[in-house]
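Report on one structure; see the data block that follows.
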Amino acid sequence: MKVPLLDLKKQYEKIKDEIMEATEEVYESQYFIQGPKVEELEKKIADYCGCQYAVGVSSGTDALLISLMAAGVGEKDVVITTPYTFFATAGSIARLGAIPLMVDIDEQTYNLDPSLMDKAISSLDKGMRARLKAIIPIHLYGQCAEMAPIMEFAAKNDLVVIEDAAQAIGAEYQFPNGEIKRAGSMGQYGCFSFFPSKNLGAFGDGGMVTTNDPDVYDRLKILRAHGSKPKYYHKLIGGNFRLDALQAAILIVKLRYLDEWTEKRIRNANLYRKLLKEIDPNDISLPLEKEKRHIYNQFVIRVTNKRDALKKYLSEKGIGCEIYYPVPLHMQDCFQYLNLKEEDFPVSVKAASETLAIPIYPDLEESQVKYVAENIGEFLSKA
Ligand SMILES: *Cc1c(COP(=O)(O)O)cnc(C)c1O
């Protein structure tokens, strides 16, 4: 049996006619850049995320970059994030000449560990402390970071909160007072990616920034088109961060199915939990479902010492799996100038050597989930 890590062809088969119709409308209109389709998608994503506004952009990476630009982050400013995320989070900070201040993650959720924030900023000298501007928590794998303490810390230290919600569209977080909010609606900025492998994927690159602040919304729209308002009059230096009308038309169709797809991911996750617990309750750690709604962009298991052997074994059995992420960002060549030591972030380093993402996409058959679980079991009984 073959079980790819992700199979988008099955999904496409089911919605092909609707996609064709929606894209044909764009071809007929010959209106390709921004326009009514992008505006329609922005309204729908804002609603879906429980936000006032949304601004379509060219990718999740650009969502992060334009948010940092709109927040006024620049040369030598300091932005808190974690070393255990996709490169774009810290990459966007560094591209603006700002300094990523790494804070290690929680061992079980892989999200920023709020108990380490105070210590991280107490190590800053006075100059850097004064340039501490923002924090980017990541909702990794589809589960919200612990936003209550993060928002409190941000308020106390006057920081802008930019949520990296690239993997978490529709994920929910419950505050201690019982209030439930969606990813991207808690900070001043919510950054989403429509990269094809995300839960809501375009047919190419795309992204979105959500916000509840009308001034932020204005700034984002201006920065998206080279900082011009009105056209050809530039108060700010922006860029080309626009979303294509074609991608918007496709995403409007796919958004109608997002909740159904997410429920299927959750169903697959529950089945894995049941099967893997029966097979081996000791050697594998299953993802901790700590927050209200985990949307399972990835289902990441953890095995001590034999992760690479397990990956190889599963690959030989036709099962796609991947390591997110094999090298924590503080150990990347391009960040050596930050002078960070491997042991500075031990939880991230350990996670990078033990985690493995297994197939979780919505169209996975029950028999495929069983096949994956069985093979994990077989590997562990031999290992
Ligand atoms: C995918 C992703 C991004 C970047 O999104 P792109 O659309 O690929 O540019 C940023 N952060 C995280 C956590 C991601 O998973």
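We count ligands from 1, going down the list as the structure has it; atoms in each ligand are counted the same way. This one's a predicted model, so the numbers in the text were calculated from it and none came from an experiment. Heavy atoms only: backbone and side chains are in, while hydrogens, waters and symmetry mates are out.
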Notebook entry, point to check: Do the rings of Phe379 and Tyr313 sit parallel, tilted or perpendicular, given the 30° and 60° boundaries?
Noted result: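 Rings of Phe379 and Tyr313: tilted, as their planes differ by 30° to 60°.
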
Notebook entry, point to check: Which word best sums up how the rings of Tyr53 and Tyr217 line up, parallel for under 30°, tilted for 30 to 60°, or perpendicular for over 60°?
Noted result: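 Tyr53 and Tyr217: parallel rings.
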
Within the structure, does [X] bring an N/O atom to less than 3.5 angstrom of an N/O atom in ligand 1?
X      : value
Phe86  : no
Asp164 : yes
Asp62  : no

Item checked: Minimum-distance protein heavy atom relative to atom 15 (O) of ligand 1 ->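 Here the nearest protein heavy atom works out to Gln167 NE2, 2.8 Å.
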
Next item on the list: Return the residue, atom name and 0.1 Å-rounded distance of the protein heavy atom closest to atom 9 (O) of ligand 1.
Entry: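 Of every protein heavy atom, Thr61 OG1, 2.5 Å lies nearest to atom 9 (O) of ligand 1.
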
Notebook entry, point to check: Does Lys198 come within less than 4.0 angstrom of ligand 1, counting non-hydrogen atoms of the residue?
Noted result: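 True for this residue.
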
Note to self: Counting only heavy atoms from other residues, nucleotides and ligands, does the tally under 6.0 Å from NZ of Lys306 exceed 12?
What the structure shows: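 Yes.
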
Checklist line | Cation-pi geometry met for Arg182 and Tyr48 (6.0 Å, 45°) | finding: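 Cation-pi check for Arg182 and Tyr48: passes.
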
Item checked: Residues which pass side-chain hydrogen bond (donor to acceptor under 3.5 Å, both in side chains) with Ser348, listed by chain and number, not counting sequence neighbours ->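 In terms of side-chain hydrogen bond (donor to acceptor under 3.5 Å, both in side chains), with neighbours along the sequence ignored, Ser348 is linked to Asp104.
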
Next item on the list: Flag the pair Lys254 and Asp259 as a salt bridge only when some basic side-chain nitrogen lies within less than 4.0 angstrom of an acidic carboxylate oxygen.
Entry: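 Looking at Lys254 and Asp259, the cut-off is not met.
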
Next item on the list: May I ask you to list the atoms of ligand 1 that are less than 4.0 angstrom from any heavy atom of Thr85?
Entry: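 The list of qualifying atoms is 13 (C).
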
